[in-house]
Amino acid sequence: MDKSITRNAIPAALEDPHHEWWSNVKASEEFLEPVFRWYEKAIEFKSAGLSKARFHLLVQFIPDGQIPDEVPMVLDMIHAQSQKAKPGP
């Protein structure tokens, strides 16, 4: 995976987590999709590809206790707001 990240990010951004590239790149499409595509090819993994719409599948690989506390809190807030939404006309 490290090699895939190195191949798909600019060197200056890899050295500086505050580099402007991280703010300007459309991470889901311009960085993450190519990273996963290259990685799957490198490990000869046959899949339908890990597009942005399928990133949620990665959650199952996060070790227990590694998800920051604010993530479930924010997801709960989003869910609560979605319950208030009314269908359009």
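Worth knowing before you read on, the calculation uses all heavy atoms, side chains too, and leaves out hydrogens, waters and symmetry mates.
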**Asked** Near Q60 CD, under 6.0 Å, is it more than 12 heavy atoms from other residues, nucleotides or ligands?
**Response**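 Result for CD/Q60: enclosed.
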**Separation of W38 CH2 from K3 NZ (nearest 0.5 Å)** =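 If I round to the nearest 0.5 Å, the distance is 5.5 Å.
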**Message:** Applying side-chain contact (heavy atoms from CB on, under 4.5 Å) to M1 and V35, what does each step give before you reach the verdict?
**Reply:** CA-CA 8 Å; M1 181 58 79; V35 163; 3.6 Å; yes
**Message:** Going by the rule ring-ring contact (aromatic ring centres under 6.0 Å, His included), which residues pair with W22 if we only count those two or more places apart in sequence or in a different chain?
**Reply:**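 Applying ring-ring contact (aromatic ring centres under 6.0 Å, His included) to W22 gives F31.
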Return a table of donor-acceptor pairs under 3.5 angstrom between the side chains of residues 62-89 and protein atoms on other chains or two or more places apart.
residue	atom	partner	partner atom	Å
H79	ND1	Q83	NE2	3.1
S82	OG	H79	O	2.7

**Message:** Is the shortest side-chain heavy-atom distance between E33 and F55 below 4.5 Å?
**Reply:**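 Yes; the side chains approach each other to less than 4.5 Å.
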**Message:** Quick check: closest heavy atoms across S4 and P34, and the distance to 0.1 Å?
**Reply:**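 Shortest heavy-atom separation between S4 and P34 comes out as OG-O, 4.4 Å.
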**Verdict with reasoning, F36 to L58, per side-chain contact (heavy atoms from CB on, under 4.5 Å)** = CA-CA 11 Å; F36 290 122; L58 296 171; 3.5 Å; yes
**Message:** Between I43 and I5, is there shared hydrophobic-cluster membership here, with clusters defined by ILVMFWY side-chain heavy atoms closer than 4.5 Å?
**Reply:**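 As far as the 4.5 Å side-chain criterion goes, I5 and I43 are connected within one cluster.
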**Asked** Do any N or O atoms from the side chain of E40 and from the backbone of R37 form a donor-acceptor pair under 3.5 angstrom?
**Response**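 Checked: no pair found.
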Donor-acceptor pairs under 3.5 Å, side chain of residues 12-19 to any protein atom, not counting sequence neighbours: which ones?
residue	atom	partner	partner atom	Å
D16	OD1	H18	N	2.9
H19	ND1	W21	N	2.9

